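A short write-up of the structure that comes next.
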2 protein chains.
Amino acid sequence: MFGAPIAWQTDPMSTIRGARERARIEVTAAIKDEARRQLAAEGAAKLSLRAVARELGMVSSALYRYFPSRDDLLTALIVDAYDAVGEAAEAARDRTGGPAGPHPDRWLAVAGAVREWALAHPHEYALIYGSPVPGYTAPQDTVGPASRVGQVLIGVVRDAHRTEGLAVPPQDPLLRAEGARMAADLADDLPPAVAVALVSAWAQLFGLISFELFGQFTRVVEAREELFRHAVRELGRSVGLLDGRRPGGGGGAAGAGA
Amino acid sequence: MFGAPIAWQTDPMSTIRGARERARIEVTAAIKDEARRQLAAEGAAKLSLRAVARELGMVSSALYRYFPSRDDLLTALIVDAYDAVGEAAEAARDRTGGPAGPHPDRWLAVAGAVREWALAHPHEYALIYGSPVPGYTAPQDTVGPASRVGQVLIGVVRDAHRTEGLAVPPQDPLLRAEGARMAADLADDLPPAVAVALVSAWAQLFGLISFELFGQFTRVVEAREELFRHAVRELGRSVGLLDGRRPGGGGGAAGAGA
DNA sequence: TCCAAGGCAAGAGCAGTGCTCTCTTTTGTG
DNA sequence: CACAAAAGAGAGCACTGCTCTTGCCTTGGA
């Protein structure tokens, strides 16, 4: 316990210097917690610095010692949200088989975990995958955490590629260069056509979740989980994952509880 | 009150009764125009009733004679946005072949038109397909216009089904009932599996557009239009559209007429 | 141990918001 | 023409994000 560097959020200096630093960390966390509470309750647009301060028993101006502006608070929440959904995805991946495991099941488990997280935290999901807030454009701090889910999806496909192989989709001649560039950026051992399909599937996955969450499926889709699982399985096939249970394209049965 | 025709609301063509009505219509339109201007410039969250009134040379309270609240103004803009993107989709459909025309091309044209509209009106797109605004939940008035794009996509696939047939995707047993229900609701002459694929493709299409528009593709995708066209073509195949230029593929056999 | 420095909270205040009320002006119609 | 309905004007309330100044008090060094 001693030698282990506890990952204290942002501070790489492991030693907690004094009561002052500690208090600062605690207050910062308390502010974010309360802000997250209000976010969950009312949405990003109604998140009010003054209300957060009020709830914490401090005056609004004091809060500016911790976050220079409302947008900075929002940015912190965005980073946390990306981390939370990324963590959910990683946990689902690790819970479902190993690098050699049943790849379609892992793919589905990851996607399902993202959906579950989104349904449980709709406003936080909207914060990161909905329209950009107020007049806000994502700062640099968010790009790392933002890629975690994508990395997990890439990892699942890469594992499949290494252990079992992929049914590499046909190459679109217009995307030859772009596919090569993507593959080099994302996973240099994957065929370009797979990289293309992967990025497409990534965006489409969130299209399914967003439509469900933002009410577009109201009065259109009833069996949402079933539709999701079906579509996600098809997305898995589109990136080349080999579904043992359905070699040609028949119907798969249940699987992979959560 | 007896002889008075009450429901003109939606039909301004019918006998504009007097200068007063005309003025009301004009002022209402001016308010919406200015609001749309501010929406395009700054986004929905920064749309201010007072600023709109100021720009129009009226006092803010006067604006409440036309829209009972800010949310009502937003709702009007939402309806207009749905209508605009729906109109763009319909125009693209009508511009590209006829009911017998090259179905994958029509499909791609419609999707491309939606994307073009979104790129040209990002804030309006975010208003309707991004996260629900402030604490706002879509009222009944929006359900009609909201379905126009979906109707166009359905229409293209239905035309294909009637004239050329579809490569009906395999039926997922877990979605048998849901698929039948959807088909009955959306297009009763389409096979249930096609209805399922259509709804999935619909959501996934907007996933692609949203990711591009909301910055998720930053530093990931360069050739965005090419990727979009590729993915949309694949979505077309997934609903059963027969691509003459590439007969093989995952879907398998053609045929399956009415 | 004492003391200056700086982190921190508090309060007042500014400019802006959505919305409601009251009062006055305009305007179409009996 | 007279009158009621519609529309505009203005003040005001409660709220917002943010800034600035004023003190308190913890902290680190002498």
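Residue numbers start from 1 in every chain, and the chains themselves are labelled A, B, ... in the order their sequence lines are given, proteins ahead of strands. These numbers were taken from a predicted model, which means no experiment stands behind them.
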- Which part of the nucleic acid, if any, lies within contact of A/Tyr66, taking any heavy atom under 4.0 Å across all strands shown: a base, the sugar-phosphate backbone alone, or nothing? sugar-phosphate
- When rounded to whole Å, the CG to C1' distance for the pair B/Leu73 and C/dC19 reads 14 Å
- Ion pair present between B/Glu21 and B/Arg24, side-chain N to carboxylate O less than 4.0 angstrom? no
- Is A/Arg181 salt-bridged to A/Glu178, cutoff N-O under 4.0 Å? yes
- Send over the distance from B/Glu21 CD to D/dA6 C1', rounded to a whole Å. 10 Å
- Query: For the pair made of CG in A/Leu63 and C1' in C/dG7, what is the distance, rounded to whole Å?
  - Reply: 15 Å
- Starting from C1' on C/dA9, measure out to CD1 on A/Ile31 and report it in whole angstrom. 12 Å
- For DNA chain D, find the residues of residues 47-62 of chain A with a heavy-atom distance under 4.0 Å and give them by number; none if there aren't any. A/Leu47, A/Ser48, A/Leu49, A/Arg50, A/Arg54, A/Ser60, A/Ser61
- Query: Are A/Glu226 and A/Arg229 within salt-bridge range, i.e. N to O under 4.0 Å?
  - Reply: no
- Query: For B/Glu26 and D/dG8, what is the distance between atoms CD and P respectively, to the nearest whole Å?
  - Reply: 12 Å
- Task: Nearest whole angstrom, please: distance from the C1' of D/dC18 to the CG of A/Asp71.
- Result: 12 Å
- Using a 4.5 Å cut-off on heavy atoms from C-beta on, say whether the side chain of A/Leu39 contacts that of A/Leu77. yes
- OP1, OP2 of D/dA7 versus side-chain N and O of B/Arg24: anything below 4.0 Å? yes
- Note on the structure: In whole angstroms, the gap separating C1' of D/dG17 from CZ of A/Phe67 amounts to 16 Å
- Below 3.5 Å, does any donor atom in the side chain of B/Arg65 face an acceptor in the base of D/dG8, or the other way round? yes
- Is there a side-chain contact between B/Glu90 and B/Gln151 (heavy atoms, below 4.5 Å)? no
- Message: Which label fits A/Trp202 and B/Phe217: parallel for a plane angle under 30°, tilted from 30 to 60°, or perpendicular past 60°?
- Response: tilted
- Task: Measure the distance from CZ on A/Arg70 to P on D/dT16 and round it to the nearest whole Å.
- Result: 11 Å
- Query: Heavy-atom distance under 4.5 Å between the side chains of A/Arg115 and A/Leu205, does that happen here?
  - Reply: no
